[in-house]
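To start, the structure itself, in structure tokens.
A, B, ... follow the sequence lines: proteins, then strands. Residue 1 opens every chain.
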2 protein chains.
Amino acid sequence: MTLFARHGYAAVSMRQIEGEVGVQAGALYNYTTDKQSLLFDLFKRHMVDLRTALDAQPPSASPQDRLEAFARFHIRFHLERPQAVFISYMELRNLTPENFRVIEELRRRYEGVLEAILETGRDAGAFHVADTRVTALAIIAMLTGINTCYRSGVRLSLAEVEAIYWDMVRKAVT
Amino acid sequence: MTLFARHGYAAVSMRQIEGEVGVQAGALYNYTTDKQSLLFDLFKRHMVDLRTALDAQPPSASPQDRLEAFARFHIRFHLERPQAVFISYMELRNLTPENFRVIEELRRRYEGVLEAILETGRDAGAFHVADTRVTALAIIAMLTGINTCYRSGVRLSLAEVEAIYWDMVRKAVT
DNA sequence: GCTGGTTCTGAACAAACGTTCAGTTAACCT
DNA sequence: AGGTTAACTGAACGTTTGTTCAGAACCAGC
């Protein structure tokens with residue numbers, strides 16, 4: 001994961017990975033069938049973890065509370081795993097077509113959760129959004145971009161950044 | 001550019017590029033010194049074009065107008081060049097360290113424009129932002145993510161998407 | 001028709017790639 | 001101590017990589 005995140009899937013050789021785990025060329029094939037499935041497994045684990053952690057969140061009643069819970073959850077989850085997030089956004093095109101479809105579907109389902117929150121909120125008159133799908137994608141793009149904050153040297157605590165981002169999301173949809 | 005955007009820098013061979021322009025292996029070295037400089041030139045051209053186009057925008061008086069002009073400009077510029085944008089966000093790590101520093105500096109200067117707009121707006125009492133740098137990065141992440149809209153099959157016109165995004169930015173900072 | 005200068009071909013280079021596998025080593029159970 | 005299984009080594013495989021370069025092909029001006 002570290003190597004893929006740092007140099008990219010295509011730029012990392014099996015020998016580099018094997019060197020990193022302290023083993024000679026070829027030994028990794030006792031644990032994986034492919035270089036490709038190393039990448040796919042990282043993707044799949046990340047997406048499954050994401051969904052599992054989301055479903056484990058305590059339920060909220062009002063749309064506002066559900067949106068806040070989602071935003072704060074998304075921020076924290078992504079800040080805790082910068083490498084896995086990085087890979088999940090950069091290496092999609094290095095998945096084989098069938099593997100891509102699997103991950104794409106998992107991602108779509110996650111985005112659908114936010115979309116559903118926005119829909120019920122709009123129908124209840126709590127949110128003002130023109131298009132729930134576009135708004136959901138915009139929010140997720142903004143929240144996921146949070147990782148570039150720290151990479152660009154901002155010196156704020158997790159709680160501070162979380163507060164700033166949630167504030168922007170809240171205002172953007174009301 | 002098409003090949004780098006589609007498969008990634010590391011996954012594209014010189015022979016593929018040469019095949020695409022209709023020439024045999026090695027002929028490209030009459031025009032470039034390196035594979036690396038092909039990538040760097042794409043980056044540099046994109047960043048210079050971005051800054052040139054921004055500076056050519058008619059100036060606005062109030063912070064609100066300046067923010068609106070910036071947001072609409074950014075959306076349109078990025079929607080018109082999905083491939084160059086894609087490369088500029090995905091292939092940063094495939095630049096050599098010295099090339100990376102050059103591009104990083106150009107990017108920082110562009111982000112600085114938005115940051116300055118937010119600062120003057122905040123000082124004038126027009127915007128409510130806790131941290132101009134974090135907010136600037138959040139806005140840019142959201143706006144740049146606009147390209148994933150079309151990739152994910154949203155059927156809206158440029159003007160409609162532009163309106164939705166500008167509306168979210170406006171509300172998020174006031 | 002020749003000359004001078006670009007531009008292209010296509011083979012060649014060493015290095016690195018993903019992957020396989022026969023053979024050695026280590027670990028565990030009895 | 002002996003036997004079975006799992007794990008690792010290190011060489012080998014055929015390809016492909018970025019890059020170089022001698023020679024062929026082309027095109028201008030005279």
- Task: May I ask you to list the residues sharing a hydrophobic cluster with A/M90, side-chain cutoff 4.5 Å, ordered by chain and number?
- Result: A/F86, B/F86, B/M90
- Query: Going 5' to 3' along nucleotides 6-11 of chain C, which nucleotides have protein heavy atoms under 4.0 Å from the base (write B), which only from the sugar-phosphate (write S), and which from neither (write -)?
  - Reply: -SBBBB
- Message: At 4.0 Å (heavy atoms only), tell me whether A/V12 reaches a base, stays on the sugar-phosphate, or touches nothing.
- Response: sugar-phosphate
- d(OH, B/Y9; P, D/dT17) in whole Å: 13 Å
- With the side chain counted from C-beta on, respond yes when B/I17 and B/F4 share a heavy-atom pair under 4.5 Å apart, and no when they do not. yes
- Task: Can you establish whether the number of heavy atoms outside B/E20 located under 6.0 Å from its atom CD is more than 12?
- Result: no
- Nearest-0.5 Å distance, OG1 of residue A/T148 to CD of residue B/E111: 7.5 Å
- Query: Where do B/V85 and B/H46 come nearest, in terms of heavy atoms and distance?
  - Reply: CG2-CE1, 3.9 Å
- Message: Taking the six-membered ring of B/Y9 as reference, does the cationic atom of B/R93 (NZ for Lys, CZ for Arg) lie under 6.0 Å from its centre and within 45° of its axis?
- Response: no
- Query: With under 30° as parallel and over 60° as perpendicular, where do the rings of B/F70 and B/H74 fit, or are they tilted in between?
  - Reply: parallel
- Item | Integer-rounded Å distance: C/dC17 C1' and A/L28 CG | 15 Å
- Message: Rounded to whole Å, how long is the line connecting atom CD1 of A/I17 with atom C1' of C/dA16?
- Response: 14 Å
- Query: Taking atom C1' of D/dG10 as reference, at what distance in whole Å does atom OH of A/Y29 sit?
  - Reply: 15 Å
- Item | Per-nucleotide pairing state of DNA chain C [Watson-Crick or G-U, under 3.5 Å; [ ] pseudoknot-crossing; | other strand] | ||||||||||||||||||||||||||||.|
- Task: For A/Q64 and A/A126, indicate whether the former's side chain and the latter's backbone hold a donor-acceptor pair under 3.5 Å.
- Result: no
- Figure out the CE/P separation between B/M14 and D/dT17, and round it to whole Å. 12 Å
- Task: Kindly say if B/S13 contacts the phosphate of D/dT16, meaning a side-chain N or O under 4.0 Å from OP1 or OP2.
- Result: no
- Over how many whole Å does the gap from A/Q36 atom CD to C/dT19 atom C1' extend? 15 Å
- Is B/D167 salt-bridged to B/R170, cutoff N-O under 4.0 Å? yes
- Message: Please report the distance, rounded to the nearest Å, between NZ in A/K35 and C1' in C/dT19.
- Response: 12 Å
